[in-house]
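These notes are about the structure you will find just below.
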Amino acid sequence: FVMGNMLKSKKYILMELIIIAMIIPTIILSYRLANYVIPILWVISIYALIIYNQYHKKKKLLEILNFSAFTKYNVEKILVRWFFLTIVIYLITFYFYEDKLFSIQKQNPYFLLVILLVYPIFSALPQEFIFTTYFFSRYESIVPTKYQVIMSAIIFTYAHVLFINFIAPFLSIFGGIIFASTYKKTESLSLVTFEHALYGNSLFFMGLGYYFWGGSVT
């Protein structure tokens with residue numbers, strides 16, 4: 001009972017937010033631990049899932065995933081936006097990072113297939129649970145409603161600074177705003193994960209995914 005009250009106190013919640021949003025990414029950045037970012041991401045996700053289930057909105061798994069948000073309107077809106085922004089990603093890669101354009105296809109096309117299949121579950125899903133589902137539930141008491149989307153995006157962006165390059169955080173601020181906005185409107189972890197996976201796979205397909213994984217850190 002005492003432990004439960006402590007974990008739900010605003011002081012603990014604020015301290016937790018600072019640790020997840022600032023201290024952990026800074027440690028990863030400082031000690032060049034980007035190669036271990038996926039295991040670290042899952043450790044944070046497991047912690048967040050435990051706290052979410054025990055002390056916050058007790059939803060069943062299907063309610064958290066909320067597949068009902070996959071409406072014709074929502075999916076079409078996401079796909080149209082993704083289509084046009086993928087063209088932008090292509091143009092950025094072509095004009096500024098031409099050496100990376102379709103680099104995985106040239107070097108190891110089978111590895112690209114693995115990335116396209118694995119990324120949605122092992123990277124996009126835990127990220128969206130932490131930065132949207134958990135964030136909007138856990139920190140609603142300390143982050144005013146009108147600032148929640150931008151705050152989620154800022155934290156999401158700082159989590160990508162650890163890759164030590166310009167392009168990852170630059171694109172992440174736009175992605176963070178899009179994903180947080182989608183979740184804010186739909187409260188669907190499955191839908192926002194689907195959207196995140198689309199952009200992530202586009203980045204890897206075009207070649208900019210190089211800047212979103214440990215291999216980009218030298």
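Keep in mind it's a predicted model, so treat the numbers as computed, not measured.
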Can you establish whether the number of heavy atoms outside Phe122 located under 6.0 Å from its atom CZ is more than 12?
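It does not: Phe122 CZ has 12 such atoms or fewer within range.
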Near Phe70 CZ, under 6.0 Å, is it more than 12 heavy atoms from other residues, nucleotides or ligands?
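Atom CZ in Phe70 is crowded, with more than 12 foreign heavy atoms closer than 6.0 Å.
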Do [X] and [Y] share a hydrophobic cluster (ILVMFWY, side-chain heavy atoms under 4.5 Å, transitive)?
X      : Y      : value
Phe94  : Phe84  : yes
Leu61  : Ile121 : yes
Val43  : Met22  : no
Ile24  : Ile50  : no
Val114 : Leu112 : yes

Under 6.0 Å between ring centres, would you say that holds for [X] and [Y]?
X      : Y      : result
Tyr210 : Tyr97  : no
Phe170 : Phe166 : yes
Phe136 : Tyr183 : yes

Give me the atom names and distance for the closest heavy-atom approach of [X] to [Y].
X      : Y      : value
Phe212 : Ser172 : CE2-OG, 3.7 Å
Val192 : Thr132 : CG1-OG1, 3.9 Å
Leu65  : Ser190 : O-OG, 2.6 Å
Ser45  : Phe129 : O-CE2, 3.8 Å
Asp99  : Ser103 : O-CB, 4.2 Å
Thr186 : Ala69  : CB-CB, 4.1 Å

[X] side chain near [Y] side chain, heavy-atom distance below 4.5 Å:
X      : Y      : value
Ile13  : Ser141 : yes
Glu128 : Leu189 : yes
Leu203 : Met206 : no
Lys60  : Ile64  : no
Phe204 : Ile104 : yes
Ile38  : Ser123 : yes
Thr86  : Trp82  : yes
Ile164 : Arg32  : yes

Rounded to the nearest 0.5 Å, how far apart are [atom1] of [X] and [atom2] of [Y]?
X      : Y      : atom1 : atom2 : value
Lys8   : Ile51  : NZ    : CD1   : 11.0 Å
Ser152 : Tyr134 : OG    : OH    : 13.5 Å
Tyr52  : Ile130 : OH    : CD1   : 14.0 Å
Ile23  : Ser30  : CD1   : OG    : 11.5 Å
Glu195 : Ile178 : CD    : CD1   : 6.5 Å
Gln54  : Leu49  : CD    : CG    : 9.5 Å

Can a donor-acceptor pair be found, under 3.5 Å and without considering hydrogens, that links the side chain of [X] to the backbone of [Y]?
X      : Y      : value
Ser137 : Thr133 : no
Ser188 : Asn66  : yes
Asn165 : Ala168 : yes
Glu98  : Thr93  : no
Ser9   : Met6   : yes

Sort and list the pairs that fulfil ring pair (Phe, Tyr, Trp, His ring centres under 6.0 Å) and have at least one residue in residues 22-43, not counting sequence neighbours.
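Listed once each, the pairs would be none.
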Step-by-step side chain to side chain contact (heavy atoms under 4.5 Å, CB included) determination, Tyr139 to Met151:
CA-CA 10 Å; Tyr139 306 118; Met151 183 64 74; over 6 Å; no
Show your working on side chain to side chain contact (heavy atoms under 4.5 Å, CB included) between Leu101 and Tyr90 and close with a plain yes or no.
CA-CA 8 Å; Leu101 187 62; Tyr90 169 79; 3.9 Å; yes
Would you call the rings of Trp213 and Phe111 parallel, tilted or perpendicular if under 30° counts as parallel and over 60° as perpendicular?
tilted
For His196 and Phe179, take the angle between the two ring planes, folded into 0 to 90°, and tell me which bin it lands in: parallel under 30, tilted 30 to 60, perpendicular over 60.
parallel
List the steps and the verdict of side chain to side chain contact (heavy atoms under 4.5 Å, CB included) for Ile19 and Met15.
CA-CA 6 Å; Ile19 291 172; Met15 180 185 71; 4.0 Å; yes
Criterion side chain to side chain contact (heavy atoms under 4.5 Å, CB included) on Lys77 and Lys72, from CA distance to verdict
CA-CA 8 Å; Lys77 181 180 178 182; Lys72 184 173 182 290; over 6 Å; no
